[in-house]
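Step one of this worksheet: look at the structure below.
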Amino acid sequence: MRTRPLKVALLGCGVVGSEVARIMTTHADDLAARIGAPVELAGVAVRRPDRVREGIDQALVTTDATALVKRGDIDVVVEVIGGIEPARTLITTAFEHGASVVSANKALLAQDGAALHAAAGEHDKDLYYEAAVAGAIPLIRPLRESLAGDKINRVMGIVNGTTNFILDKMDSTGAGYQEALDEATALGYAEADPTADVEGFDAAAKAAILAGIAFHTRVRLDDVYREGMTEVTAADFASAKEMGCTIKLLAICERAEDGASVTARVHPAMIPLSHPLASVRGAYNAVFVESDAAGQLMFYGPGAGGSPTASAVLGDLVAVCRNRLNGATGPGESAYAALTVSPMGDVVTRYHISLDVADKPGVLAQVATVFAEHGVSIDTVRQSGKDGEASLVVVTHRASDAALTGTVEALRKLDTVRGVASIMRVEGE
């Protein structure tokens with residue numbers, strides 16, 4: 001074993017960063033044995049240096065992150081500060097000054113992953129980011145390495161624990177959205193401002209990363225269709241149960257049947273109770289992968305939190321340090337396929353549409369005619385009502401999003417349609 005330690009700079013010492021530092025200290029001997037050399041925490045960049053950080057030598061703490069990554073003796077920079085800047089500049093500066101990088105920054109990687117990979121390649125350094133997508137769940141490395149010889153056709157999953165907790169509570173207890181969100185906040189699953197989670201921004205960033213790796217194509221955050229879950233109601237769950245389904249906020253990345261294009265999207269969807277993702281409860285994450293040779297695979301576990309995320313960071317740290325000792329680098333960006341990223345309008349799936357209509361003869365015929373005129377085939381129809389008003393639920397066969405959008409616009413113009421109560425995609429069949 002080499003006795004001279006590999007030096008690590010830690011950018012950020014919040015929930016995740018402090019846990020990374022703790023594990024580096026308490027598991028130092030094991031990490032050294034696995035890597036082949038000791039690892040030494042050489043500096044910790046923070047915004048508030050006066051805060052007491054248990055187990056961290058105060059002499060290592062600095063507010064000058066730029067000076068830390070420019071030192072020249074740093075082997076690996078671990079970035080867990082999040083956001084776009086200054087993280088982007090610090091990472092590229094680290095490459096320029098000889099360090100490889102381990103990051104958990106999903107937003108930055110989704111927006112500028114190609115540029116970061118290019119910078120890493122230019123300086124012959126590693127960029128690893130297992131922790132950016134699903135916490136402790138090994139997912140990036142299996143997609144990037146274990147399945148590198150296979151053709152991945154679809155990646156579909158629950159990649160945000162906050163939203164899954166909320167939807168699970170609505171499903172299991174009948175609670176409304178706000179009530180379930182309040183409980184998630186009280187338990188620490190939701191931030192004071194939950195917008196990034198409940199509006200799908202967090203999941204969309206992860207979808208961009210997953211799609212890029214799975215399909216060897218550059219997929220940016222702007223390429224991902226995003227729809228939040230704040231409009232999901234108890235009535236939607238009641239309808240889902242009648243169909244033998246539940247509702248999940250899903251990130252879906254899939255290859256077109258002709259293989260020439262891909263799509264990436266995040267939105268609530270009904271999913272059959274028989275599908276493995278339907279049984280994912282609480283704040284857990286799970287990702288379902290479909291490929292030509294391996295078939296169907298599912299990755300499941302805690303997708304957030306200090307310890308789970310730190311586990312993924314440390315796994316990357318070990319891999320990068322091993323590469324460093326061997327004078328090698330791991331896999332970089334693979335975007336050779338350069339497939340077209342299609343818009344949401346091209347996506348084909350099933351739909352569940354709930355309409356408020358007048359309860360009188362001929363309404364169903366009018367509605368069915370509109371669907372037919374737009375090329376959308378109806379699978380099932382259910383109507384109930386009294387006192388002149390009715391609820392009409394239509395479940396379609398597979399149709400494009402563009403065709404369904406045109407259908408709904410035409411339905412709104414019918415005098416007998418009082419309103420469109422909800423539209424929900426049906427996935428996983």
Side-chain angles (χ1 to χ4, degrees), residues 1-2 4-46 53-57 60-61 65 68-69 74-82 87 90-91 94 99-106 108-109 120 125-146 159 161 206 209 284-285 287 299-326 328-331:
M1 178 186 292
R2 193 181 89 167
R4 182 167 61 84
L6 292 160
K7 295 189 176 183
V8 177
L10 179 61
L11 307 183
C13 198
V15 173
V16 176
S18 59
E19 190 66 9
V20 169
R22 183 191 69 79
I23 295 173
M24 285 184 63
T25 302
T26 58
H27 295 181
D29 291 342
D30 286 337
L31 291 173
R34 295 167 190 171
I35 293 169
V39 287
E40 173 189 314
L41 188 59
V44 182
V46 300
R53 294 172 174 85
E54 186 177 349
I56 296 178
D57 184 350
L60 298 177
V61 176
L68 178 60
V69 301
I74 299 297
D75 294 287
V76 184
V77 170
V78 175
E79 183 272 308
V80 288
I81 56 178
L90 290 170
I91 288 174
S100 290
V101 173
V102 172
S103 176
N105 195 330
K106 54 187 171 286
L108 178 58
L109 287 159
K125 295 296 179 285
D126 274 324
L127 173 62
Y128 276 49
Y129 43 90
E130 185 68 65
V133 172
I137 305 173
L139 184 59
I140 298 297
R141 195 171 289 118
L143 290 177
R144 196 159 68 166
E145 299 178 30
S146 303
V159 295
K206 296 170 181 177
I209 295 170
Y284 274 70
N285 284 191
V287 177
F299 301 83
Y300 169 84
S307 293
T309 306
S311 172
V313 170
L314 267 295
D316 279 350
L317 179 63
V318 168
V320 170
C321 285
R322 285 172 176 168
N323 291 343
R324 191 86 171 184
L325 287 180
N326 294 326
T329 56

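A salt bridge links D316 with R141: the closest approach of a Lys/Arg side-chain nitrogen to an acidic carboxylate oxygen falls below 4.0 angstrom. Remark: D75 engages R324 in a salt bridge, criterion side-chain N to carboxylate O under 4.0 Å.
Scanning all heavy atoms of the two residues, the minimum distance from L139 to A134 falls at CD2-CB, 4.3 Å. Closest of all the heavy-atom pairs between E19 and A310 is CG-CB, 3.6 Å. Closest of all the heavy-atom pairs between A120 and L127 is CB-CB, 4.2 Å. Considering every non-hydrogen atom in both V77 and A94, the closest pair reads CG2-CB, 3.7 Å. Across all their heavy atoms, I35 and C321 have their closest contact at CG2-CB, 3.6 Å. Between A37 and L325, the shortest heavy-atom distance links the atoms CB-CD1, 3.8 Å.
Residue Y128 holds its OH atom at 7.5 Å from OG1 of T329, rounded to the nearest 0.5 Å. Summarising the geometry, atom CG belonging to L317 is positioned 13.5 Å from atom CD belonging to E130; distances are rounded to the nearest 0.5 Å. Distance check, rounded to the nearest 0.5 Å: CG of L314 to CZ of R22 gives 9.5 Å. Atom CD1 in I140 sits 10.5 Å away from atom CZ in F299 (nearest 0.5 Å).
Looking at P302 and N285, their side chains never come closer than 4.5 Å, going by heavy atoms from C-beta outward. With a 4.5 Å cut-off on side-chain heavy atoms, L90 and E79 do not count as touching. Counting heavy atoms from C-beta on, the side chains of V8 and I74 never come closer than 4.5 Å. Residues I91 and L11 have side chains not in contact (no heavy-atom distance under 4.5 Å, counting atoms from C-beta outward). Side-chain atoms of V133 and K106, non-hydrogen and from C-beta on, never get closer than 4.5 Å to each other. The shortest side-chain heavy-atom distance between E145 and P331 falls under the 4.5 Å cut-off.
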Stepwise side-chain contact (heavy atoms from CB on, under 4.5 Å) test for C13 and I56: CA-CA 10 Å; C13 198; I56 296 178; 3.3 Å; yes

Evaluate the criterion side-chain contact (heavy atoms from CB on, under 4.5 Å) for residue pair R34 and R322; output intermediate values, then yes/no. CA-CA 9 Å; R34 295 167 190 171; R322 285 172 176 168; 3.8 Å; yes

For V39 and V318: C-alpha separation, side-chain torsions, deciding distance, then whether side-chain contact (heavy atoms from CB on, under 4.5 Å) applies. CA-CA 9 Å; V39 287; V318 168; over 6 Å; no

Taking it one step at a time, do D126 and V76 satisfy side-chain contact (heavy atoms from CB on, under 4.5 Å)? CA-CA 9 Å; D126 274 324; V76 184; over 6 Å; no

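R144 forms a cation-pi arrangement with Y129, by the criterion of a distance under 6.0 Å to the ring centre and an angle within 45° of the ring axis.
More than 12 heavy atoms of other shown residues, nucleotides or ligands fall within 6.0 angstrom of atom CG in N326.
Looking only at distances, a side-chain donor or acceptor of T25 sits under 3.5 Å from a matching main-chain atom of A21. Formation of a donor-acceptor pair under 3.5 Å by the S18 side chain with backbone atoms of V15 is found in this model.
Screening V320, V20, L10, V80 for a side chain to side chain contact (heavy atoms under 4.5 Å, CB included) involving V102 leaves a single residue, V320.
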